[in-house]
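To keep things clear, I will list the structure first and then write my remarks on it.
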Amino acid sequence: MKINKLFIILSLIPIVFLLFIIQNYFHQKDSSNLFFSLFYGYLFPTFNFVLGVLAIHFGFEKSDKLFLIIVFGGLVARLFLMLGLILMALKFLFVSLNSFIFTTFIFYFYYLLVEIFFLTKKEFVNKL
């Protein structure tokens, strides 16, 4: 199976970010608030992305109508899940507002692009 270089690069960006914030946390002990803000801002969209990929994978072999119900219904459910996670994090966790929101939205849109890339590549592979 041929591995796409772009997919490898897209997979490395979140890993490098996570390693960077962990390394920064251990070298600067006083920035735990910033670390947790960035970590939760990374964790929530990553969890959302995994659920989206599972929905795509589960619905891809189904009929067109069922696929749309699974993917778009999952999208609506995941949006409400993200809203709930963000509201809970802002209310109960001691996170820096700007760092958390900025990181969450960056990774949310990043993973959205990766999801679209995944969908188009999977569709392309199945048409061959």
Side-chain angles (χ1 to χ4, degrees):
M1 180 176 180
K2 183 179 174 185
I3 298 175
N4 193 342
K5 291 179 185 178
L6 181 61
F7 188 73
I8 291 173
I9 292 171
L10 291 175
S11 301
L12 288 178
I13 291 173
I15 294 169
V16 169
F17 176 80
L18 183 62
L19 292 175
F20 173 74
I21 64 169
I22 289 173
Q23 183 266 341
N24 192 22
Y25 174 71
F26 286 120
H27 286 349
Q28 297 177 357
K29 297 290 186 188
D30 60 343
S31 65
S32 65
N33 189 19
L34 178 64
F35 168 75
F36 286 112
S37 300
L38 295 175
F39 180 71
Y40 288 129
Y42 165 80
L43 184 67
F44 295 163
T46 303
F47 179 65
N48 185 29
F49 172 70
V50 169
L51 291 177
V53 169
L54 289 174
I56 291 169
H57 181 70
F58 178 72
F60 204 75
E61 300 298 325
K62 308 290 189 241
S63 69
D64 290 343
K65 183 179 178 181
L66 192 56
F67 172 76
L68 289 174
I69 290 171
I70 291 171
V71 172
F72 288 130
L75 179 68
V76 171
R78 290 185 300 132
L79 281 173
F80 281 113
L81 176 68
M82 282 295 291
L83 176 67
L85 287 173
I86 289 171
L87 290 176
M88 286 189 334
L90 293 176
K91 180 75 174 171
F92 299 114
L93 301 175
F94 298 108
V95 294
S96 171
L97 180 68
N98 292 334
S99 301
F100 174 71
I101 295 295
F102 189 66
T103 307
T104 300
F105 284 121
I106 284 177
F107 275 103
Y108 180 80
F109 289 117
Y110 174 76
Y111 284 136
L112 189 62
L113 290 174
V114 173
E115 246 182 88
I116 292 168
F117 175 75
F118 179 72
L119 253 175
T120 58
K121 287 299 177 185
K122 190 155 185 161
E123 182 179 5
F124 178 74
V125 169
N126 281 349
K127 286 186 176 181
L128 291 178

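All residue numbers in this chain count up from 1 along the given sequence.
- Annotation: side chain of Ile70 is in contact with side chain of Lys62 (closest heavy-atom distance under 4.5 Å).
- Remark: Leu87 CG to Phe92 CZ distance equals 10.0 Å, nearest 0.5 Å.
- Taking CZ of Phe67 as the start and CZ of Phe60 as the end, the distance is 6.0 Å to the nearest 0.5 Å.
- Cluster membership for Ile13 and Leu112, using ILVMFWY side-chain heavy atoms within less than 4.5 angstrom, is shared.
- Hydrophobic clustering keeps Leu81 apart from Val50 (ILVMFWY residues linked when any side-chain heavy atoms are closer than 4.5 Å, directly or through intermediates).
- Ring pair Tyr110/Phe107 is perpendicular by interplanar angle, where above 60° counts as perpendicular and below 30° as parallel.
- At a threshold of 4.5 Å between non-hydrogen side-chain atoms, the residues Ile101 and Leu90 count as touching.
- Side-chain atoms of Phe35 and Ile22, non-hydrogen and from C-beta on, do get closer than 4.5 Å to each other.
- Cluster annotation: Phe109 and Ile106 are assigned to distinct hydrophobic clusters (Ile/Leu/Val/Met/Phe/Trp/Tyr, side-chain heavy-atom contacts under 4.5 Å, transitive).
- Taking 4.5 Å as the limit, some side-chain heavy atom of Tyr111 sits within range of a side-chain heavy atom of Thr46.
- Atom CZ of Phe39 sits about 9.5 Å away from atom CZ of Phe44, to the nearest 0.5 Å.
- Atom CG of Leu83 is separated from atom CG of Leu79 by 9.0 Å, given to the nearest 0.5 angstrom.
- No donor-acceptor contact under 3.5 angstrom links the side chains of Tyr42 and Thr103, judged on distance only.
- One distance of note links CG of Leu54 with CG of Leu51; it measures 6.5 Å at 0.5 Å rounding.
- Contact check for Val76 versus Phe80: side-chain heavy atoms found under the 4.5 Å cut-off.
- Taken to the nearest 0.5 Å, the OH atom of Tyr108 stands 9.0 Å off from the CD1 atom of Ile86.
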